[in-house]
Enquirer: 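Have a look at this one before I ask anything.
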There are 2 protein chains.
Amino acid sequence: MTFLNCNNDSPKCFIRNILTKREQKIADREVELLNVAEAIMAHEGFSGLTMDKLVASCDYSKGTVYNHFSNKEDLFCALCIKSLRIIISQTKRALAFEGTLREQCLALCYVQRLHSQLHPTLFLCVLLAKTPAVQERASVGRLALQSELEQEMTLLVDAMFAKALDEGEIAQASEGHIENLTFTMWSVSFGANALLIGAREAKAIERLNGDKALLFNLNALLDGIGWQPLSQSWDYHATWQRIEKEVFAAEVAALQG
Amino acid sequence: MTFLNCNNDSPKCFIRNILTKREQKIADREVELLNVAEAIMAHEGFSGLTMDKLVASCDYSKGTVYNHFSNKEDLFCALCIKSLRIIISQTKRALAFEGTLREQCLALCYVQRLHSQLHPTLFLCVLLAKTPAVQERASVGRLALQSELEQEMTLLVDAMFAKALDEGEIAQASEGHIENLTFTMWSVSFGANALLIGAREAKAIERLNGDKALLFNLNALLDGIGWQPLSQSWDYHATWQRIEKEVFAAEVAALQG
DNA sequence: ACCTGAACACCGTTCAAGT
DNA sequence: ACCTGAACACCGTTCAAGT
């Protein structure tokens, strides 16, 4: 069972780049299974996604599905990985946005916001995957890949802050540790988006327009670390709209359509 | 079945303050059931908490447990309510902390941090409860109570910001809407704590000391809205430790013991 | 008026038999 | 070397019978 490596504690098949035809077929099937799983989850929520329904909604047997995902937690971990892959690929696009470094930083946050709206359940999988149940039961190979992708994402953000510090755009006082800055931006972005997902129900938030609230947060935070130009001397609402149009027009259209 | 009102769409028994002896007995049993449920969840995670295990771990039958919680999602909603009640009661204690208004704001954030460490799974229930599955299946009465408590919590924080604006401690530019400020603080605090819960696993964060990271976030954010005194002219690490000692010494001891 | 637990449909997981 | 689906243990939920 060659590809059992995928969920039986060796990350081999993830690391190798060139796949045999058989491996390719299996990889394609995994993409298909994850698409089906995401669709079920989108319609019926976390608890609505069952292995039985996944099997019933595809053309493979239980055994085959279990060859891909060693258990249900492993499936959630795979969905978290899918989520991270989307975020990373869009983050790379966002880094090509033309503007000041602080505007690029907004573009990174825009990615999170967009993702939380296009794939709300997938977005929450990243949190779910940190839950003890998933960490204890998912396959070692997949957990390693998850960790690797989180690392990659962190390095992308670290690099952006390093550049901003290097060019003197962030106040000296905040220099301390780049990982503090990365964690800060991540937690603000994550916290706001997670809370906004439940916004319809939570009276405390429903009165707010999500994008405005998030931008308010980001302006306050980035002003707080002294990142030039400050929000009082730059129209970051305009930047936000420019990001939308220039980088993610297609995705926003999908969101509205 | 008098008390079926509790989970059959009338919030009667939650609103009334004076309980008959029978109602009191039922309320006590509910507290007991929730303690058992929390203990199971703490040991075995979200998916480890099953109705079967809850029944097996207490002295009541399935039917009785189902008289309290109309389904599993209703149980999660009840745990979310328990979480909110703890947070609100500690928030009220935090508001009595002697210091500047900005220091009181830190005390409110300290509550969230402490709660996320003392009851990590309960803390995440507040997020879980916003998930469509819970919102669609929990009893109407309990959802109303959840919403009511979120409202109460929001008003407490709103009032603190209103006072700070009133006394001129927050920069004019941030006046806009108080609910923006409340949302900001909530999302930073929530986001950071949620990410820190998974810190052992997430390589991106494990290098950080949680409290330091959170305080860095809060200093940046509160500086960003121009809340006096700014972090450069006040030692908020000392404040953090003062909150720990003067308000939550007992809870911190429980955490370490 | 409330409690009980047997009963049933559904879910997660395995594995002997097949190709 | 991989796929299949029957089989089984466990879980969520109900409800007729009991007190």
Side-chain angles (χ1 to χ4, degrees), chain A residues 1-8 10 12-13 19-30 32-33 37 40-41 44-79 133-134 136-139, chain B residues 1-8 10 12-13 19-30 32-33 36-37 40-41 44-78 133-134 136-139:
Chain A
M1 289 212 230
T2 321
F3 82 96
L4 265 182
N5 292 323
C6 291
N7 49 33
N8 258 359
S10 147
K12 201 172 76 183
C13 65
L19 304 175
T20 66
K21 277 196 180 175
R22 200 189 306 120
E23 285 170 335
Q24 184 58 53
K25 189 183 151 197
I26 289 163
D28 288 346
R29 190 170 57 199
E30 184 142 323
E32 187 191 340
L33 285 171
I40 296 173
M41 203 171 56
E44 319 197 29
F46 282 110
S47 56
L49 173 57
T50 69
M51 299 304 262
D52 267 16
K53 281 184 198 159
L54 178 55
V55 170
S57 308
C58 69
D59 288 330
Y60 313 106
S61 68
K62 280 202 164 185
T64 298
V65 170
Y66 269 85
N67 275 345
H68 283 273
F69 314 108
S70 57
N71 53 48
K72 207 189 168 186
E73 281 71 29
D74 201 39
L75 171 61
F76 277 121
C77 190
L79 287 167
V134 173
E136 282 164 18
R137 304 205 62 225
S139 64
Chain B
M1 289 215 232
T2 320
F3 81 95
L4 265 181
N5 291 322
C6 290
N7 49 32
N8 259 359
S10 148
K12 202 172 75 182
C13 66
L19 304 176
T20 66
K21 277 195 180 175
R22 200 190 305 121
E23 285 171 333
Q24 184 59 52
K25 189 184 152 196
I26 288 163
D28 288 346
R29 190 170 59 199
E30 185 143 322
E32 187 190 340
L33 285 171
V36 173
I40 296 173
M41 203 171 56
E44 319 196 28
F46 282 110
S47 56
L49 173 57
T50 68
M51 298 305 262
D52 267 18
K53 280 184 198 159
L54 178 55
V55 169
S57 308
C58 69
D59 288 331
Y60 312 107
S61 69
K62 280 202 164 184
T64 298
V65 169
Y66 268 85
N67 275 344
H68 282 273
F69 314 107
S70 58
N71 53 48
K72 207 189 168 186
E73 281 70 31
D74 201 40
L75 171 61
F76 277 121
C77 190
V134 172
E136 282 163 20
R137 303 205 63 226
S139 64

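All heavy atoms count here, side chains included; hydrogens, waters and symmetry mates do not. Reminder, nothing fancy here: chain letters follow the sequence lines and each chain counts from 1.
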Enquirer: Rounded to the nearest angstrom, tell me the gap between atom CZ in A/Phe76 and atom C1' in C/dG12.
Expert: 12 Å

Enquirer: Please report, rounded to the nearest Å, how far the P atom of C/dT14 is from the CZ atom of A/Phe69.
Expert: 15 Å

Enquirer: Taking the minimum atom-to-atom distance to the side chain of B/Asn71, which one of C/dG5, D/dT13, C/dT13 wins?
Expert: D/dT13

Enquirer: Side-chain N or O of A/Lys72 less than 4.0 angstrom from OP1 or OP2 on C/dG12?
Expert: yes

Enquirer: Figure out the CZ/P separation between A/Phe46 and C/dC11, and round it to whole Å.
Expert: 18 Å

Enquirer: Name the closest nucleotide to the B/Arg137 side chain, picking from D/dT13, C/dT4, C/dG12.
Expert: D/dT13

Enquirer: If you write DNA chain D from 5' to 3' in dot-bracket form, with Watson-Crick or G-U pairs under 3.5 Å, [ ] for crossing pairs and | for pairs with another strand, what do you get?
Expert: ||.|||||...|||||.||

Enquirer: Rounded at 0.5 Å granularity, tell me how far CG in A/Leu79 sits from CZ in A/Phe69.
Expert: 7.0 Å

Enquirer: Side chain of A/Lys62, heavy atoms from C-beta onward: which of C/dC3, D/dA6, D/dT13 has the nearest atom to it?
Expert: D/dA6

Enquirer: Say you draw a straight line from CG of A/Leu75 to CG of A/Leu49; how long is it, rounded to the nearest 0.5 Å?
Expert: 5.5 Å

Enquirer: Round to a whole Å and report the spacing from CG of B/Asp74 to P of D/dT14.
Expert: 12 Å

Enquirer: Starting from C1' on D/dC10, measure out to CE on A/Met51 and report it in whole angstrom.
Expert: 16 Å

Enquirer: Counting only side-chain nitrogens and oxygens, does A/Thr64 get under 4.0 Å of the OP1 or OP2 atom of D/dT4?
Expert: yes

Enquirer: Counting heavy atoms from C-beta on, name the nucleotide in C/dG12, C/dC3, D/dT14 closest to the side chain of A/Asp52.
Expert: C/dG12

Enquirer: For B/Arg29 and C/dC3, is the shortest distance between a side-chain N/O and OP1 or OP2 below 4.0 Å?
Expert: yes

Enquirer: To the nearest 0.5 Å, what is the distance between CD1 (B/Ile26) and CD (B/Glu30)?
Expert: 9.5 Å

Enquirer: What are the two closest heavy atoms between A/Ser47 and B/Glu73, and how far apart are they?
Expert: OG-OE2, 3.7 Å

Enquirer: CZ/A/Arg137 to CG/A/Asn71 distance, rounded to the nearest 0.5 angstrom?
Expert: 4.0 Å

Enquirer: Starting at atom CZ of B/Arg22, determine the distance to atom P of C/dA1, rounded to an integer number of angstrom.
Expert: 8 Å

Enquirer: In whole angstrom, give the distance that lies between atom CG of A/Asn67 and atom P of C/dT13.
Expert: 14 Å

Enquirer: With DNA chain C as reference, determine whether A/Gly63 or B/Ser61 sits nearer its 5' end, using the nearest nucleotide of each.
Expert: B/Ser61

Enquirer: Given atom NE2 of A/His68 and atom P of C/dT13, what is their separation to the nearest angstrom?
Expert: 16 Å

Enquirer: Nearest 0.5 angstrom please: A/Lys25 NZ to A/Arg29 CZ, how far?
Expert: 6.5 Å

Enquirer: Would you say the side-chain atoms of A/Lys62 pair up with the backbone N or O of A/Val55, donor to acceptor, closer than 3.5 Å?
Expert: no

